[in-house]
There are 2 protein chains.
Amino acid sequence: MTLVITMSTPQPELTESEWAIIKAVWEHQPCAAPSVQEALVASRGWTYSTVRTLMDRMVAKGLLTAEKIRHLTLYRAAVSRRQAQLGELRYALRHAFDGALKPMVETLLTAETLSAADLDELEALIVARRKSQAGRPARKANP
Amino acid sequence: MTLVITMSTPQPELTESEWAIIKAVWEHQPCAAPSVQEALVASRGWTYSTVRTLMDRMVAKGLLTAEKIRHLTLYRAAVSRRQAQLGELRYALRHAFDGALKPMVETLLTAETLSAADLDELEALIVARRKSQAGRPARKANP
DNA sequence: ATTCAATATCTACACGTGTAGAGATGTCAA
DNA sequence: TTGACATCTCTACACGTGTAGATATTGAAT
């Protein structure tokens with residue numbers, strides 16, 4: 001239930017446009033294309049055709065599912081927000097950090113956009129993590 | 001010298017192919033296209049033409065620089081490894097986490113691929129970070 | 001000078017992505 | 001049953017990316 005970077009569920013990388021669409025779908029699903037278009041026209045200026053094309057291509061890719069009820073097509077996300085997040089993370093990890101997680105986290109921590117409270121929470125997380133791993137076999141530092 | 005996620009230096013996102021090329025360039029620069037091709041033919045199977053096209057397009061994009069000495073073209077990276085790393089991270093941060101750094105770090109920490117030693121180092125980093133921020137004005141948790 | 005090997009240039013093509021118009025079709029109200 | 005409106009389908013196009021062949025040019029060795 002934990003795990004993550006190496007599981008078998010799909011962890012796709014999304015384009016900017018796909019992110020916009022799938023976020024709207026996550027928020028409104030199940031939903032029809034016109035709703036998504038309305039939700040996005042302000043920020044992206046997309047017409048119905050554009051949104052529809054994008055969505056259908058995403059169905060073809062397995063990012064969304066489409067269910068046709070009479071003449072209305074209902075869309076749902078086929079990947080969870082978490083899966084999509086992991087996909088993006090995995091991409092950065094693989095290419096920018098050659099798979100080494102620690103340097104990646106280091107870089108993020110050094111980004112100095114974290115408040116003292118954030119730092120506290122993250123430290124707590126590390127402590128918790130260490131605890132839960134206490135009994136386990138050791139593993140290589142930078143796989 | 002700290003900073004990062006919000007600086008003005010270019011932080012491009014790279015495609016998989018571009019990552020392969022620029023890594024080779026970082027390692028061999030200044031270097032000619034044939035060297036890069038040799039370095040990559042094993043892993044990617046690319047011909048000289050392919051590598052050359054990719055590299056010239058990267059020059060056009062500002063990822064590499066090319067200097068022509070007589071009939072030989074010498075390439076160099078125009079962005080540092082760090083900049084490229086930040087570009088990738090920024091992309092994930094913006095789209096997958098809506099700019100909220102803490103959830104992103106949390107996700108990474110929960111990835112359970114970190115050894116006890118890694119966790120120690122990261123905690124030390126957090127402690128250091130907190131110290132260096134002690135006197136500063138508070139800032140929003142999730143910008 | 002002639003040729004060989006290295007390097008470079010040009011051109012091309014298929015596929016993905018962003019973008020959307022035009023026209024078809026289904027639905028509901030009068 | 002006839003519109004008016006909502007929704008869908010089809011088709012298209014430009015631009016980016018991955019991939020590379022064919023051809024030219026150059027520098028060096030003979």
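Throughout, protein chains are lettered first and strands after them, A, B, ... in sequence-line order, and every chain is numbered starting at 1.
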For this session: State plainly whether the residues B/R57 and B/E18 are in salt-bridge range, i.e. N to O under 4.0 Å.
Result: no
Exercise. Is there a donor-acceptor pair under 3.5 Å between the side chain of A/E123 and the backbone N or O of B/V127?
Worked result: no
Problem set entry | Position toward the 5' end of DNA chain C (nearest nucleotide), A/E18 or A/G45 | A/E18
Seminar exercise, completed: Going 5' to 3' through nucleotides 3-9 of chain C and flagging B where a protein heavy-atom sits under 4.0 Å of the base, S where only the sugar-phosphate is that close, and - otherwise, we get ----SBB
Exercise. Are side-chain heavy atoms of A/D120 and B/R130 found at a separation under 4.5 Å?
Worked result: yes
Problem set entry | Range on DNA chain D touched by chain B, heavy atoms, distance below 4.0 Å | D/dT17 to D/dG27
Seminar exercise, completed: Sequence neighbours excluded, the answer for side-chain contact (heavy atoms from CB on, under 4.5 Å) partners of A/T47 is A/S49, A/T50
For this session: Would you classify B/T15 as touching base, sugar-phosphate or nothing, given that sugar-phosphate means primed atoms plus P, OP1 and OP2, and contacts are heavy atoms under 4.0 Å?
Result: sugar-phosphate
Exercise. If you look at every strand shown and take non-hydrogen atoms under 4.0 Å, does B/S17 touch a base, only sugar-phosphate, or nothing?
Worked result: sugar-phosphate
For this session: With heavy atoms under 4.0 Å as the rule, sort A/R57 into base, sugar-phosphate or nothing.
Result: base
For this session: Answer yes or no: is there a donor N or O on one side and an acceptor on the other, between the side chain of B/D118 and the main chain of B/S115, under 3.5 Å?
Result: yes
Exercise. Would B/R52 and B/D56 pass as an ion pair if we require N to O under 4.0 Å?
Worked result: yes
For this session: May I ask you to check whether B/E16 and A/H95 show a side-chain donor-acceptor distance below 3.5 Å?
Result: yes
Problem set entry | A/T110 (side chain) donor-acceptor with A/E106 (main chain) under 3.5 angstrom | yes
